[in-house]
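In what follows, a single structure is set out as C-alpha cells and then discussed.
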Amino acid sequence: MRIVASLLSSLFLSSTAMAGSIQAPGAIGGPDSGPTTGNPAATMYNPAALSQAEGFQSMLDIQLANVRIDVTSWRNGGFDPNTGDAYNIAKARVKAPVTFLGFSHEILEDKLTAGLGLTTPFIGGGDYTAGESNPPPYTSHQRYFGVNTKVITGQVIPAVSYTPMKDWGLHVGAGMTYTIDIIEVTKTSNTGTEGVGSQVVDGEQVVAPYTTDAVLSGRATGSHIGWNIGVLFDKYKLAQVGASYTSGGTFDTKGDATVEFPGFLVTGGEAKTLKGEVAVKLKLPPIIRAGINSQLTDALNVGVAWDHYQWNKCCGGKDGDIDIKVNDKQGNPIGESDEDVQISVAKQQYSPRRLWDASNVSLFSGYQLDDRIWLGGRVGYNQNAVPDYAVGATNVDFENAGFMIGARYRLPMGTEGKRGMTMGLAYSKYFLFTRSVAGTAWGADVPDERFSPTQAPYNVSGDGVYEGKVDILGFRLGYDG
C-alpha cells in the first residue's frame, strides 16, 4: 500500500532575522549607526537621516560573524535508540559575512538628499555537519530538523530625504526595498524509528542503525518588494530624535528538491533518489525603529536605539506558518509515479513558527579624539522571538546581550579638512542565554498536526539544552566628499 507522507514537513524553517535558525546579532555600519545617524546606512535604518549626510558619501561595511551552537537532546531519556548510548552533542558552526555598501548625495543643499544601499541583511542558517563523523548516514540527533541550512538575502534600498524648512529641524524620508531570497536545506526524515532498521546478515536478521531515514535536499530562490518611511527631528543638538517603519513582506521562493528514499521503502531494497520542485512562502515582520542622540559636546555624543520586530503580528498563528509545496516535475506528489517507491510525499505542507514580538535595545556613544581618530562603543540587549514550545535545532533563537567597540581613522591622503577617506575596525561579543527547553510541540501529543503529524514520517521532540556563542569582527571603509 502506498503511503502519503509529509516528508518535507520541516525542510524549510525560519531564521533569526526571520526568527529562528542561527543569525548573529550586530549593527551594520558600526557602533554609532541607527535611526539618528547621518550616513549611507540611513537608507536601511531611517531614510530621513540621509538629510545629515552632506555632499557625497560612500561606505563599505563588512561584519564577519562567527557563530557556534551546541544542542543536547533530552528525548528518549537522552539515549539514541540506534546505539543505546547518550545522544551526541549536535554542533552548528556558521561564519556569516554581513555586508553593506552605500552611497548618498546631497542633490539640493540642506533640502534634498538621495541614497542607495546594497546589503545582505541576513546571512545565516545552521551547518550541523560539525557534529557528524563521515556522513552519510547522518547521525546527529538534530538531523530531523536540519543537517545544513543556509539562508541568504540580498537587498537593494533606494531612498530619499526631504527637509521642508531647515529652521524647523524636521526631515522626512522614504525608500523602497527589493530583496532577493535564497534558501538551501539538507535534512533527514523520521519514519518512526529514528533511523533504526534491520537487515539479513549470514541468514540472520540483525539491527542496522541509521538505515531508515530519508534524505531531503532543496534549494529555492525568489524576491519580494517592500518600503520604509522615516522622520528625524534635529533642531536641538541635545535631543535629536529619529523614527522609522519598514514594511513586512512575504519571502516567496521556488526551486528544486530531491528525496533519497531508503532501501526499506523501495522495491528491491536499494535506495532511490527522485527529483522534484519546491515552493516556499513565509511572512516577514514589520519593523519599528526609534532612537535619540545627544551631542553633548562637539566631540562627544551618546544615544539610545530601539528596534521592534512585529513577529507576532505576521506569524503568531497558523496563518504565519511557513507554506511549503513540493511535487515532481509533472506536478504530482514525489514518489507517486514511481513503481518502485512505496511512499509518496504530500504536496501541501507547513512548518509552524508561532512567534512572539521581539525588541532590541542598545546604548551607544562616540568620541572624536582629534581630527583623525574616532572611538565608539555600544552595548545591547536582544529578545528572542521563538517560544519554547516551537523550538527545534533550525527553529531557535536566543535572548542575548553584548557589546561592540570600534575605531575609525581618517587617512591623510586625499584629506581636506573633515573630508576624505576613513577606515575603521570593530569587534562585537554577544552572550547568548542558554535555553533549557522541555515540552516542545514537535512530536508531542498536541492537537496541532502542523507540529505533530499523525502520518509518517513523524516529527521528534526538540526538548534539550541549546547553547551558543557569537563573536563579530567588523571592517569599514568610507569617503566623505
Side-chain angles (χ1 to χ4, degrees), residues 4-23 71 73-75 122 124-126 141-147 149 151 181 183 185 187-190 216 218 220 248-253 257 278-285 309-326 345-358 383-398 435 437-464 466:
V4 178
S6 297
L7 274 174
L8 300 181
S9 60
S10 57
L11 175 54
F12 292 95
L13 298 174
S14 52
S15 59
T16 294
M18 302 170 183
S21 192
I22 301 169
Q23 186 226 4
V71 184
S73 179
W74 286 345
R75 69 172 181 267
F122 179 83
H141 62 80
Q142 92 304 322
R143 63 189 182 277
Y144 299 124
F145 294 98
V147 173
T149 306
V151 181
D181 309 311
I183 185 167
V185 174
K187 69 176 290 293
T188 64
S189 189
N190 179 30
L216 316 170
T250 300
F251 187 108
D252 191 352
T253 61
V278 65
V280 182
K281 291 184 179 181
L282 64 92
K283 294 182 179 180
L284 302 174
Y309 292 79
Q310 295 183 289
W311 283 111
N312 190 260
K313 181 177 181 179
C314 76
C315 313
K318 289 186 177 181
D319 60 346
D321 289 348
I322 301 175
D323 183 295
I324 305 164
K325 293 181 176 64
V326 59
V345 180
K347 291 177 63 174
Q348 179 63 66
Q349 301 168 32
Y350 299 94
S351 182
R353 296 190 285 176
R354 315 303 166 86
L355 305 175
W356 299 332
D357 281 4
Q383 292 179 318
N384 64 285
V386 182
D388 283 357
Y389 67 85
V391 165
T394 51
N395 194 53
V396 61
D397 60 356
F398 294 84
R435 300 190 69 169
V437 180
T440 56
W442 303 108
D445 185 17
V446 294
D448 190 341
E449 291 189 9
R450 293 190 179 184
F451 281 99
S452 301
T454 55
Q455 281 186 299
Y458 303 102
N459 288 332
V460 295
S461 170
D463 292 6
Y466 297 76

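As the structure is a prediction and not an experimental result, all values here were calculated from the model.
- Contact annotation: the side chain of W311 approaches that of R353 to within less than 4.5 Å [non-hydrogen atoms, C-beta and beyond].
- Evaluation of the side-chain hydrogen bond (donor to acceptor under 3.5 Å, both in side chains) rule for D321 yields R354, R450 as partners, not counting sequence neighbours.
- Between R435 and D397 there is a salt bridge, since a side-chain N of the basic residue sits under 4.0 Å from a carboxylate O of the acidic one.
- Of the possible polar contacts, none joining the K347 side chain to the V326 backbone as a donor-acceptor pair under 3.5 Å is found.
- Considering only heavy atoms from C-beta on, V278 comes within 4.5 Å of I324 through its side chain.
- Every residue two or more places apart in sequence or in another chain that forms a side chain to side chain contact (heavy atoms under 4.5 Å, CB included) with Q310 is listed here: Y245, P286, I288, H308, K313, D357.
- Taking 4.5 Å as the limit, some side-chain heavy atom of Y466 sits within range of a side-chain heavy atom of V71.
- The main-chain N or O of V280 is found under 3.5 Å from a side-chain atom of T253 such that the two form a donor-acceptor pair.
- Going from atom CG of L284 over to atom CG of D252 covers 10.5 Å, rounded to the nearest 0.5 Å.
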Q: Apply the test side chain to side chain contact (heavy atoms under 4.5 Å, CB included) to residues Y309 and L355: give CA-CA distance (whole Å), side-chain angles for both, the deciding distance (0.1 Å), then the verdict.
A: CA-CA 10 Å; Y309 292 79; L355 305 175; over 6 Å; no

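- Side-chain contact between V396 and F145: absent, with no pair of heavy atoms (C-beta onward) separated by less than 4.5 Å.
- Side-chain contact between K283 and D319 is present, with at least one heavy-atom pair separated by less than 4.5 Å.
- Each of V437, D463, T440 was compared with W74 under the side-chain contact (heavy atoms from CB on, under 4.5 Å) criterion, and only D463 meets it.
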